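The next block holds one structure in the form of structure tokens; read it before the comments.
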Amino acid sequence: MKRNLNPKLTKAVAVLFSLIVAVVFSQAIWAAPKMEQAKFKGGDCAACHVKQKKLPQKHADTKAMTWAACKACHTRDNLSLIGKLPGSHVHLLAGINCIKCHGKTKTPEALTMEQCVACHGSTAKLAEKTKDVKPTNPHTSPHYGTELDCNLCHHQHAKSENYCAQCHKFDFKTP
């Protein structure tokens, strides 16, 4: 018995299935940090990006660089890195390796907000630091106060995002 399937619906289902498969498999690659990277220094880009040249040809050698050395050239007003590096890269450049946050494990799990504030300080203090950001303070909201989970904006192993932009038009650069 031959079925007459709607070709447009069949194609839409195939595209949707392909997208779901791509997202599921890419999440496993991006979301899970590779614990063997814990032995590398933050500026040793080639240790992980073996086949992918990530920096311009004329960029200074980064092998021994720290986050402070990066910020010497990359200021807020000149070649800012805000929102351009995954948080894990910034942490490595600052001398904080995978083990510092995840502990010694072969299967690292997502960090809790409590783990973030243990190093970065309370959410109330963070909101105080960003009180002058315009058009509104990104660390305090009428919906969540200062207790929105850090991970909703600040991703460590993928590009961070502006969680508020799902409903609002706040143009924040999210580190």
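Start at 1 with the first residue, then count along the sequence. Just so it is clear, the model here is predicted, and its values are computed rather than measured.
By the side chain to side chain contact (heavy atoms under 4.5 Å, CB included) test, P135 is found to be paired with F170, F172, residues two or more places apart in sequence or in another chain being considered. For H91, the side chain to side chain contact (heavy atoms under 4.5 Å, CB included) partners are I96, H120, Q156, not counting sequence neighbours. Residues passing the side chain to side chain contact (heavy atoms under 4.5 Å, CB included) test with A69, sequence neighbours excluded: M65, T66. With sequence neighbours excluded, the residues forming a salt bridge (Lys or Arg N to Asp or Glu O under 4.0 Å) with E128 are K131, listed by chain and number. Judged as a side chain to side chain contact (heavy atoms under 4.5 Å, CB included), and not counting sequence neighbours, the contacts of D149 are M113, N151, L152.
Atom CD in E114 sits 9.0 Å away from atom SG in C150 (nearest 0.5 Å). Of the inter-residue distances, the one linking H102 atom NE2 with T107 atom OG1 reads 11.0 Å to the nearest 0.5 angstrom. Rounding to the nearest 0.5 angstrom, the gap separating the SG atom in C119 from the CG atom in L111 is 9.5 Å. Once rounded to the nearest 0.5 Å, the distance linking NE2 of H168 with OH of Y163 reads 10.0 Å. With rounding to the nearest 0.5 Å, the separation of CG in L81 from NZ in K173 is 10.5 Å. Remark: T130 OG1 to H139 NE2 distance equals 5.0 Å, nearest 0.5 Å.
In E109, the CD atom is not crowded: 12 or fewer heavy atoms of neighbouring residues, nucleotides or ligands sit closer than 6.0 Å.
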side-chain contact (heavy atoms from CB on, under 4.5 Å) evaluation trace for S141 with L148:
CA-CA 9 Å; S141 87; L148 183 65; 6.0 Å; no
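Residue V117 is found outside any hydrophobic cluster, as its side-chain heavy atoms come under 4.5 Å of no other Ile, Leu, Val, Met, Phe, Trp or Tyr.
The two residues T140 and A127 come nearest to each other via the heavy atoms CB-CB, 4.3 Å. Smallest separation of non-hydrogen atoms from Q115 and T112: OE1-N, 2.7 Å. For I82 against S80, the heavy-atom pair with the smallest separation is N-OG, 3.2 Å.
Remark: side-chain polar atoms of E147 are not paired, donor with acceptor, to backbone N or O of Y144 under 3.5 angstrom. Judged purely by atom type and a 3.5 angstrom limit, T123 uses its side chain to pair as donor or acceptor with the backbone of T146.
Using a 3.5 Å distance cut-off with no hydrogens or angles, the side chains of T174 and S160 do not pair a donor with an acceptor.
A heavy-atom distance below 4.5 Å is found between the side chains of C70 and L93.
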